[in-house]
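Report on one structure; see the data block that follows.
Letters go in sequence order (proteins before strands), and every chain restarts at 1. Quick note: numbers below take in every heavy atom, side chains included, and nothing from hydrogens, waters or symmetry partners.
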Amino acid sequence: MSESLLRLDGLVAGHRAPVVGPLSFALGRGEVLGLWGGNGSGKSTLLNAIARAARVFAGTIRRAPGLRLSYQEQRPVRLEPMPMTGADLLRAAGLDPRRAPAPLGALLGQRLDRLSGGQYQLLCVWCALGAEVDLVLLDEPTNNLDPGAERSLRALLETARADRAVLLVSHERAFLDAVSTRVLALDAGGWS
Amino acid sequence: MNEGLALLVDPLFRVPLLTGLAASLALAPIGVLLMLRDEWLAALGLAHLAAAGALGGLALGAPGLAGAGFGALGGGLVKGALGRRGNGVYGFMILIGWALLLLIAANSAVGEGLGQALIDGQLYFARWPELIAALVLALALLWSLPRLAWPLLRARLLPRLDRANGRAAWRTHLGMDLVAALGMAVGTATLGLMGAFALVFVPAWVAFRVARGWRATWVVAGLIGVAGYLGAFVLALALDQPFGPVLVAVLVLLAWGASALQAGWRLLTGWR
């Protein structure tokens, strides 16, 4: 698996105690790997471990040398007040707002604290998907989205280029089946 | 030329005017960064340590400005080294600084009068050392702002991104702590404890509510800080009042005016 961007071998991860694993899989360029599971199955903890934000109790995480990551967190930070605009959020993520896709155009000039939860979620997803990275981590990207916004999200996911991988966590199986090239199911006992 | 403008150009007050102007230009942007991190109470904590340091320095025969720097930078370095962020640590800074300030005042030859002067502000007694310190602060901020503003915004809005990519963000956070400490040291030694805190807190508070955009936030905060400072400078001289309380009053009035204008604008335009 010399072309893998990410390889997990017997990974057991958690915070104060193990939450997920043991897990083994590899992820290569062009793949969209969906991680499905119920509440408490450790999906977000797994992403945190890959993003160096959770403790590895056993096993290994091998990242390709110089691997660049972007990460959309399950609960985006919302401050009160937030004078920054949507364009500012994209700039902070290292993106050029002028290259944002059409569904986000109307959000770029608005203060972040004036956006709905779904609008802010779409911006955060684009912060991850629009970045020049090798691996995109998306944690429950459909949260707060109405059906129209979810269609926009699917369109954004289709912009994923063949030279990178996407690791996508969701509890919505139908969504994962529609957008992923492969789906792993996590449960309390392991994965399948 | 009216009396207010005459006071602004009076050679007797030229050095104090420029000292406070440079300090206010620096303190308002520092407030924006502290407000972003939800650490605006840092200003008050560091100001108390700076005041205690200044009085301690004077009691030992050292310049007050050096003592203020020692107190505030020491507090900022200890906080940075401990890796603590959040208002809890600043609460302890306020308490420790306040207790030290009063104890030094009560047990040294410099006395309680000078301690009170540090709280009220001694801007009109500012001389070249204070002006140079304020200019150094303004230049330090001018240099560091482009290096701090966007990384700190990224760290606040996308908190796991740097760590996920193995980037060490501690330099940015330590740099911010040191800039805030330097700002409060110079601000407290010139504008007074509460005056310096007000220049950090009020312009940023207003800007976060009325500005649209990250760059606009800096502009609004800077304009309110400078306008409040210049207004207070003239008023305090013309009315023969202590500078610190007048500065606080002017800034609070500006905040009230900005909030009222925003409410009126929303009412007229339906802007949410």
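- Using a 4.5 Å cut-off on side-chain heavy atoms (C-beta onward), A/Gln72 and B/Leu158 make no contact.
- Side chains of A/Leu112 and B/Leu157 form a contact here, defined as non-hydrogen atoms less than 4.5 Å apart.
- Between chain A and the options B/Leu152, B/Asn165, B/Leu153, the largest number of non-hydrogen pairs under 4.5 Å is found for B/Asn165.
- Rounded to the nearest 0.5 angstrom, A/Leu79 CG and B/Arg37 CZ are separated by 13.0 Å.
- Here B/Arg212 contributes atom CZ and A/Asp88 contributes atom CG; the two are 12.0 Å apart, rounded to the nearest 0.5 Å.
- Side-chain contact between A/Leu89 and B/Trp214 is absent, with no heavy atoms from C-beta onward closer than 4.5 Å.
- A 6.0 Å sphere centred on CH2 of B/Trp150 holds more than 12 heavy atoms belonging to other residues, nucleotides or ligands.
- The distance from the CZ atom of A/Arg111 to the OG1 atom of B/Thr217 is 7.0 Å, given to the nearest 0.5 Å.
- How far CE of A/Met82 is from CZ of B/Arg209: 13.5 Å, rounded to the nearest 0.5 Å.
- Of the inter-residue distances, the one linking B/Arg160 atom CZ with A/Asn48 atom CG reads 4.0 Å to the nearest 0.5 angstrom.
- In A/Arg78, the CZ atom is crowded: over 12 heavy atoms of neighbouring residues, nucleotides or ligands sit closer than 6.0 Å.
- Chain A forms the most heavy-atom pairs under 4.5 Å with one residue out of B/Ala164, B/Ala207, B/Pro151, B/Gly166, and that residue is B/Ala164.
- Inter-residue side-chain proximity for B/Pro159 and A/Glu73 is flagged as met; some heavy-atom pair is nearer than 4.5 Å.
- Note: B/Arg163 leads B/Arg156, B/Arg154, B/Arg163 in heavy-atom pairs under 4.5 Å with chain A.
- Under the 4.5 Å side-chain criterion, counting only non-hydrogen atoms from C-beta, A/Glu80 is not in contact with B/Phe208.
- Heavy atoms only, all atoms of each residue included: B/Ala211 and A/Pro83 are closest at O-CB, 3.8 Å.
- Contact of A/Arg91 with chain B is made through backbone and side chain together, with heavy-atom distances under 4.5 Å.
- Within the 4.5 angstrom heavy-atom criterion, atoms from both the backbone and the side chain of A/Leu69 approach chain B.
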